[in-house]
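For reference, the structure discussed in these notes is given below.
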There are 4 protein chains.
Amino acid sequence: QDLVLQNKMQRKMGQNTGTCFQRCVGMDAINSLHSTTYEIDEKYGTNYHKRLLDFIKMIQTENLVIGGAMTDPKGDRSKGPAEQADPDMFVRIVEKNNKGVYITGAKAHQTGCINSHWIIIMPTMRLTENDKDYAIVGAVPADAEGMTYIYGRQSCDTRSMEGGDIDAGNSQYAGQEAMIILDRVFIPWEKIFMCGEYDFASMLVERFTCYHRRSYVCKTGLGDVLIGAAATIADYNGIPNVSHIKDKLVEMTHLNESIYAAGVASSYQAHKLKSGVWLNDDMLAQVCKHNVTRFPYEIGRLAQDIAGGLVVTMPSEKDFRNPATGHLLRKYLAGRKGVDVENRMRILRLIENMTLGRNAVGYLTESMHGAGSPQAQRIQIARQMQLGYKKNLAKHLANVKGDFEEPQENSEYFNRVFKISNEES
Amino acid sequence: QDLVLQNKMQRKMGQNTGTCFQRCVGMDAINSLHSTTYEIDEKYGTNYHKRLLDFIKMIQTENLVIGGAMTDPKGDRSKGPAEQADPDMFVRIVEKNNKGVYITGAKAHQTGCINSHWIIIMPTMRLTENDKDYAIVGAVPADAEGMTYIYGRQSCDTRSMEGGDIDAGNSQYAGQEAMIILDRVFIPWEKIFMCGEYDFASMLVERFTCYHRRSYVCKTGLGDVLIGAAATIADYNGIPNVSHIKDKLVEMTHLNESIYAAGVASSYQAHKLKSGVWLNDDMLAQVCKHNVTRFPYEIGRLAQDIAGGLVVTMPSEKDFRNPATGHLLRKYLAGRKGVDVENRMRILRLIENMTLGRNAVGYLTESMHGAGSPQAQRIQIARQMQLGYKKNLAKHLANVKGDFEEPQENSEYFNRVFKISNEES
Amino acid sequence: QDLVLQNKMQRKMGQNTGTCFQRCVGMDAINSLHSTTYEIDEKYGTNYHKRLLDFIKMIQTENLVIGGAMTDPKGDRSKGPAEQADPDMFVRIVEKNNKGVYITGAKAHQTGCINSHWIIIMPTMRLTENDKDYAIVGAVPADAEGMTYIYGRQSCDTRSMEGGDIDAGNSQYAGQEAMIILDRVFIPWEKIFMCGEYDFASMLVERFTCYHRRSYVCKTGLGDVLIGAAATIADYNGIPNVSHIKDKLVEMTHLNESIYAAGVASSYQAHKLKSGVWLNDDMLAQVCKHNVTRFPYEIGRLAQDIAGGLVVTMPSEKDFRNPATGHLLRKYLAGRKGVDVENRMRILRLIENMTLGRNAVGYLTESMHGAGSPQAQRIQIARQMQLGYKKNLAKHLANVKGDFEEPQENSEYFNRVFKISNEES
Amino acid sequence: QDLVLQNKMQRKMGQNTGTCFQRCVGMDAINSLHSTTYEIDEKYGTNYHKRLLDFIKMIQTENLVIGGAMTDPKGDRSKGPAEQADPDMFVRIVEKNNKGVYITGAKAHQTGCINSHWIIIMPTMRLTENDKDYAIVGAVPADAEGMTYIYGRQSCDTRSMEGGDIDAGNSQYAGQEAMIILDRVFIPWEKIFMCGEYDFASMLVERFTCYHRRSYVCKTGLGDVLIGAAATIADYNGIPNVSHIKDKLVEMTHLNESIYAAGVASSYQAHKLKSGVWLNDDMLAQVCKHNVTRFPYEIGRLAQDIAGGLVVTMPSEKDFRNPATGHLLRKYLAGRKGVDVENRMRILRLIENMTLGRNAVGYLTESMHGAGSPQAQRIQIARQMQLGYKKNLAKHLANVKGDFEEPQENSEYFNRVFKISNEES
Ligand SMILES: Cc1cc2nc3c(=O)[nH]c(=O)nc-3n(C[C@H](O)[C@H](O)[C@H](O)COP(=O)(O)OP(=O)(O)OC[C@H]3O[C@@H](n4cnc5c(N)ncnc54)[C@H](O)[C@@H]3O)c2cc1C
Ligand SMILES: Cc1cc2nc3c(=O)[nH]c(=O)nc-3n(C[C@H](O)[C@H](O)[C@H](O)COP(=O)(O)OP(=O)(O)OC[C@H]3O[C@@H](n4cnc5c(N)ncnc54)[C@H](O)[C@@H]3O)c2cc1C
Ligand SMILES: Cc1cc2nc3c(=O)[nH]c(=O)nc-3n(C[C@H](O)[C@H](O)[C@H](O)COP(=O)(O)OP(=O)(O)OC[C@H]3O[C@@H](n4cnc5c(N)ncnc54)[C@H](O)[C@@H]3O)c2cc1C
Ligand SMILES: Cc1cc2nc3c(=O)[nH]c(=O)nc-3n(C[C@H](O)[C@H](O)[C@H](O)COP(=O)(O)OP(=O)(O)OC[C@H]3O[C@@H](n4cnc5c(N)ncnc54)[C@H](O)[C@@H]3O)c2cc1C
């Protein structure tokens, strides 16, 4: 299936870049809009779905990169959009006319928005009737009038501007996030895919996160890189076969593959929606992402263990290139015989980069919050765990009497688990 | 695919029995013999494969239950079969004639052997040339001459003989293990599927454990039961909506589904062997089973937390039925209003049963050792983790110079991960 | 200090019995009543303290064993004592006269009550004004009129009645819990140490659990036994020096000593109360007990890993003594050369006993719930974690401006941490 | 005792600086030399102890800061000092005359050496007879001839040179490590405390690490800061009372206090050495440090969870001060009502600083490797875990017959545990 193939591609990209490669947000936005627009149209007789298909055709023809802009700044987290002291804390419609709508607000943490051609604006959470003005989905060109980008800082961000190619760690790739500020940005009607249907915000958000949480399989590609880096430094240090080192590499691999397995299983256990697209399994997508909020931190910890203290105390590339100190470093930073000192430094910097530096942002903190913080997954798991069904299993075995209820559950998880075939896949 | 369907059936069976339901060993034995006999024949011109197919036909026609007997007593674990003080510590050929072979030894921990019709005897580990006499695979009827069964004890095993149906915990099901002692048991040639080809023992064992470690998905069915039992007791105690309880149920579910995901992903990412059968992904099977050696213990711990101390201090059913004490217990063991006291006792006994009693054997210790102890999985993960490939990924990103080697790896894991399609599936 | 000495003795007793040895509840009850009665007297002019001292003198003279009975059955956990459907779900005063009071109710999970001489009855939780009748503390002889004991079942409890000394596991010791039912039990005034002062219930409960949670250091003695058992079976199996086995023994030791350290640190960081007794550090007592709700389960899991599957599938002592099967078992259950088979069986049964059998009740479930379930510790940690103080530390370093508040905290934890000397200790 | 007081001071310093404050290495060096020089003198009739006392007197009089330089670059980790391709990979004596000795080599990862007055050079591991030239301990002024310092890079190190006081995170403190290169540095005899007595290297290293691993209690001070920072940001975001947030703060506190407890217990359970100084408990020191290699990473992970994604995507202070963007950031980075936006930014930067930035070096990686990598603690735990003693406990309870051995153990751990009093403390 396409969903599994997307996962495989994500892992490969993760392996090849060692960073967040920023394509999946847009893809998952389009995936989730496909079915949501279809179902809005069905209920309200709108024609969002057709508009979306036209938009997709256009971007495929021109091969454009799409950014998915969901996350609002949110201000006071205990309050909804309409309850905030400042109404702009969530993106909202400030004016509507027969050509289109004007929106104001901001989108935070936008990965790769700077190198996108179009941005799809979407609401970030379930909305109530009071939040009607916040129920807006639309596509805007990345350079539309009224848009300001403010670049975020990352750990060690300035290293790549220092010259040299060692200290930056990952000599090839790094990601970036920015804040997008929208000041009365105009969206014409033909680029609008939801406008006021607040009751569909949760469907959109849930389907988006369902796709997107499974997309975090990409982090296993980064995990592969970090495992490879740890194995390399152990080799350079002369101890590739020491038992605790091997055991740690096994543990890192085990954790990494546990993430991968959940992503692939989620993609595989998909079901078809009304609009004809397939949606991966939501429970397993949550499980995948939830492990992503834990295991990369442990993998990173083990990588630092194997690396040794030099990963954080190594002198700079400039000192290495400096004639006065270079030969001293070349002498004293030597690993086992036959290893080029500079290569040893490069690998250590890569580990620093992925566990403390620029790509730690993508490998660790983004693993934590991207596609939703851990608690968001727990809430979704709670909603789908079908306790009524499981209680009946237990009661049956315990021979409980007279206390069976027909479970009233909105989750279809066990239907998917026990479905005999995915004919149409 | 059939492999995924087998997983789904296993979970269902686990849910319905809350114990080890003992069918998978035989099935996985046959699965792995299918391809192994084929490849032995190919190399040595034997005709084991044909014999095996005949045997399968026979058991399918007659609908017989097959036990898979692999594990030998092993004596001194630091020594191989031929090096033991007593040569019978592993099952071996003691005589061969033109009708068949006589074998002697024992098989330990045989789940469900007592209720099997035929037993397939297989070696338990990789063999060397010295161990030639130990390279024997064959099928014997469960009541063949020379076979003695010695029943193993289980925690709380005598409770089911006490009368009453509460204290046993799981009122319906329980498993059993026995030791089979083989004293010159005869196997005719047509039931022999390996004899002396010691170099194929490791292939058989590895493929068997590959199938079998993924079969531990059944434990997620038991997990479902235990989660359901914990949710029920929380409800009976009046606190189903307390936040730490709900959070623990979420954690239990998360862990349980992490196991399931790895099993299904392993089945899905299968590849076809020469004999035409499919073999599930080995790396992911190890990952699945390795999580099984950890998560059920944590799920069990959380279930005990939610259950409260009564799970281990509750008076007996006899005291409950006793007129002198019954009314007191009925009064003081009450939970929230409207809950039948006896039902509350039943659920607590089920939790005791699955975390300390008879089914703890199946849910915990069998999760630990069945299909191989944890370290066995780590060794297999180590053999397949393709560090050479991963080191190159890291070296590439770190811009390491002049230190790339073509990885010499016997694992095909990443080939499977990145294979674009499973055409023939 | 005496508190540290009590910890040392507890570990020793744990080592020597491998079970719950049941003395600490009574000791900790007396410890906490010493100061609480003193402070009640101070506020209300009562003379409970004097009565308590008299009682202590009596039991010391006669060398009596005291049981501490705190835990009520509690019925609906979401309701307080006075709100329950049945008012007897917590022990309460049903009549008062000039000789004393009559109490009714039950106490659950009473460790060792059967072999105590006197029982001290105490409330189990913080009480409100409505719960006045539940604010009763008093001592009753174990055989007072109106008391009924109902023995609890334990995993594998009947094994010790089977004859033989192997299958029971711990050939020497086992604990027991019973439910005590109190039907209008009389306590004369001179044995009453609280009566109606509901506002002191929380002080008593908190001080009792503060002492008692630290007393769980005894479980490190059991941990020592289990580590020793695991090391012995590895030795008997011929693999004492294999690296993963040694590593697991190290991990078990590390976890076990982490518990011990918290207990001793809590005892050491004590402070003196008004009545002159010392109270160990409450935060560290919570930390100690909270680790006890986690680590023994992991130590038990590792012990089962090292033990191998035989721990749950081993035939019975009767089969071993049976001439027909005994010699077969003697042959096939052999470990490495030189090891007596019966000794190997004994050690395996001990591990079964401590991880699934009778002493698993004491080593695992009692570690979970005894002295309060895990959530109870988290609540106490929350109350004492002095976030106000810590927020100021962070704000200061972050150079936050104009946002410092004087923390209003009821905890003295950091005062104890930074106290320079324990002069009077 | 002084040892406990040192721990308390360390926590306070950690709280006040939020970084590694660099004093303990020198203190612990002196502590361990006190007894080691005494015992060398006793065996070899040397007078190192007297020299050391003179040196201590001098530095106390002049109130000087001492750095402890132990860690050598080590080259190929599978080889000892004398086996390396380059003999200078460990510091060694290159010439000796009647005035003193000349040493060559390097010391890596030297915390705070740049701001020390004197450096004590010590060997980094157990030495064999072949390594005699490496058995050198001596004090040199920090600016002695032949010494070159090469500053190490840290994550985000250049931020503090950018101007502004927000982006650096911890506006007040940061640590630093450097590599010291020694090129024929001279040490006069009166400053030499070991010279050639290779058989005492392990005693020195073990006592040093025993003191030093317990000194990692300082990290609980940093933990207090991070907990405070997490609590502050939750408050600024409007969700201080949400249950999962509070639960995470409890978990962070629990882990932090588990470290503290082990440190204090180690200091408390000390014993007196021949030279008159006290040595803290070694087992518990290992346990303390081993938890330090794990828990701060988990505390850091939880802090990032609570902080939200902004911790890694927040724009720079320059954009904040920039008139074009400042008002936008002030608007959109607002938290709950009443919170100053700049303060919110400051706290987020502090969390970044401690989990990814400069002080992550001190809080995470130094927690991992400082005073020895995790495996070093496991080796020490293994050496002291007294399996013989524990096996006997288990054998006794299992009623094992005829298989008791007098344990031959070099550890005194249980003697210290069960010692009744520390009279002389
Ligand atoms: C921030 C920081 C501050 C420090 N401050 C000081 C200081 O002030 N003074 C001082 O003297 N030192 C200091 N240290 C050094 C510290 O003691 C060392 O980092 C530590 O001993 C580990 O040595 P290493 O960094 O060379 O790592 P390595 O020894 O290279 O270890 C890397 C990994 O390899 C493993 N390993 C290494 N050798 C073997 C082997 N032979 N067999 C099996 N496994 C092996 C280790 O277990 C580890 O997992 C500091 C370190 C840090 C990170
Ligand atoms: C082996 C053993 C020996 C013991 N020995 C003694 C003894 O000698 N003397 C004695 O007095 N006691 C003894 N106890 C009792 C012990 O203190 C209690 O088990 C403990 O306080 C928990 O109470 P409970 O068993 O009723 O569990 P419950 O209170 O039912 O707890 C079950 C679960 O529900 C949760 N829960 C309960 N109420 C609430 C609520 N209102 N809000 C949120 N969550 C809630 C708990 O956190 C827990 O997760 C012993 C217990 C055991 C297991
Ligand atoms: C409930 C249950 C049901 C089972 N059902 C079946 C069944 O139906 N059919 C069947 O064939 N088998 C069955 N098994 C057996 C199972 O496969 C074995 O338990 C497993 O292979 C472990 O073998 P063992 O029990 O002999 O443990 P051991 O091999 O003794 O292992 C104990 C420990 O020692 C370690 N160890 C052992 N040898 C070495 C070595 N050489 N080097 C390093 N470490 C070592 C292990 O890693 C483990 O930690 C069952 C087991 C259980 C518990
Ligand atoms: C590196 C990175 C890249 C990203 N890329 C993109 C992108 O390309 N496109 C995009 O749209 N988004 C992106 N995100 C944003 C991501 O989806 C958000 O970070 C995530 O949804 C969390 O929101 P937040 O950062 O505002 O944290 P917060 O919502 O402030 O969460 C902080 C903590 O508070 C808790 N919390 C918050 N509100 C509540 C509440 N009401 N009740 C209880 N607990 C609460 C959370 O559980 C969490 O523990 C990215 C984030 C990161 C870190």
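The sequence lines fix the lettering, A, B, ..., with proteins before strands; numbering per chain opens at 1.
- Residues B:Val91 and B:Thr104 fail the side-chain proximity criterion, which asks for heavy atoms closer than 4.5 Å.
- Only the side chain of C:Arg344 has a heavy atom closer than 4.5 Å to any heavy atom of chain B.
- Ranked by heavy-atom pairs under 4.5 Å with chain B, the list C:Gln110, C:Glu177, C:Gln84, C:Lys79 is led by C:Glu177.
- Of the listed residues (C:Asp88, C:Thr158, C:Val361), the greatest number of heavy-atom pairs within a distance under 4.5 Å of chain B belongs to C:Asp88.
- Annotation: maximal heavy-atom pairing with chain C below 4.5 Å, among B:Arg336, B:Arg153, B:Arg378, occurs at B:Arg153.
- Note: B:Gly308 leads B:Ala307, B:Gly308, B:Ala85 in heavy-atom pairs under 4.5 Å with chain C.
- Of the atoms belonging to B:Val311, it is side-chain heavy atoms, and not backbone ones, that fall under 4.5 Å from chain C.
- Among C:Gly300, C:Gly105, C:Ala324, C:Ala234, the residue making the largest number of heavy-atom pairs under 4.5 Å with chain B is C:Gly105.
- The pair C:Glu251-C:Lys248 does not meet the salt-bridge criterion, since no charged nitrogen lies less than 4.0 angstrom from a carboxylate oxygen.
- Heavy-atom distances place the backbone of C:Tyr151, and not its side chain, under 4.5 Å from chain B.
- Counting heavy-atom pairs under 4.5 Å between each of B:Gly370, B:Gly335, B:Pro73 and chain C puts B:Gly335 at the top.
- Salt bridge annotation for C:Asp167-C:Lys318: absent, with no cationic side-chain nitrogen under 4.0 angstrom from a carboxylate oxygen.
- Contact count against chain B (heavy-atom pairs under 4.5 Å) is highest for C:Asp305 among C:Asp305, C:Thr325, C:Asp319.
- Closest non-hydrogen pair, C:Leu255 versus C:Phe295, comes out as O-CD1, 3.4 Å.
- If you measure heavy-atom distances from C:Ala106 to chain B, the contacts under 4.5 Å come from both the backbone and the side chain.
- One finds the CD atom of B:Glu162 at 9.0 Å from the CD atom of B:Glu317 (value rounded to the nearest 0.5 Å).
- When the candidates C:Asp183, C:Val339, C:Thr293, C:Leu364 are compared by the number of heavy-atom contacts under 4.5 Å with chain B, C:Thr293 comes out ahead.
- With 3.5 Å as the limit, one finds a donor-acceptor pair spanning the side chains of C:Asn353 and C:Asn359.
- One side chain, C:Ser155 or B:Ser155, offers a donor N or O that lies under 3.5 Å from an acceptor on the other.
- Top candidate by heavy-atom pairs under 4.5 Å with chain C, chosen from B:Gln304, B:Glu298, B:Arg294, is B:Gln304.
- In this structure, chain B has a heavy atom under 4.5 Å from the backbone of C:Thr355, while its side chain stays farther away.
- A side-chain contact (heavy atoms from CB on, under 4.5 Å) with B:Arg77 is found for exactly one of C:Val242, C:Ile245, C:Asn237, namely C:Asn237.
- Looking at C:Arg159, only its side chain comes within 4.5 Å of chain B, counting heavy atoms on both sides.
- Annotation: maximal heavy-atom pairing with chain B below 4.5 Å, among C:Lys74, C:Met314, C:Glu366, C:Lys337, occurs at C:Met314.
- C:Asp157 and C:Arg358 are not joined by a salt bridge, as no carboxylate oxygen comes within less than 4.0 angstrom of a charged side-chain nitrogen.
- Salt-bridge check for C:Arg349 with C:Glu352: passed, with a basic side-chain N closer than 4.0 Å to an acidic carboxylate O.
- Here B:His244 is the residue among B:Met89, B:His244, B:Gln154 with the most heavy-atom pairs under 4.5 Å with chain C.
- Closest non-hydrogen pair, B:Leu310 versus C:His109, comes out as N-CE1, 3.1 Å.
- Heavy-atom distances place the side chain of C:Met368, and not its backbone, under 4.5 Å from chain B.
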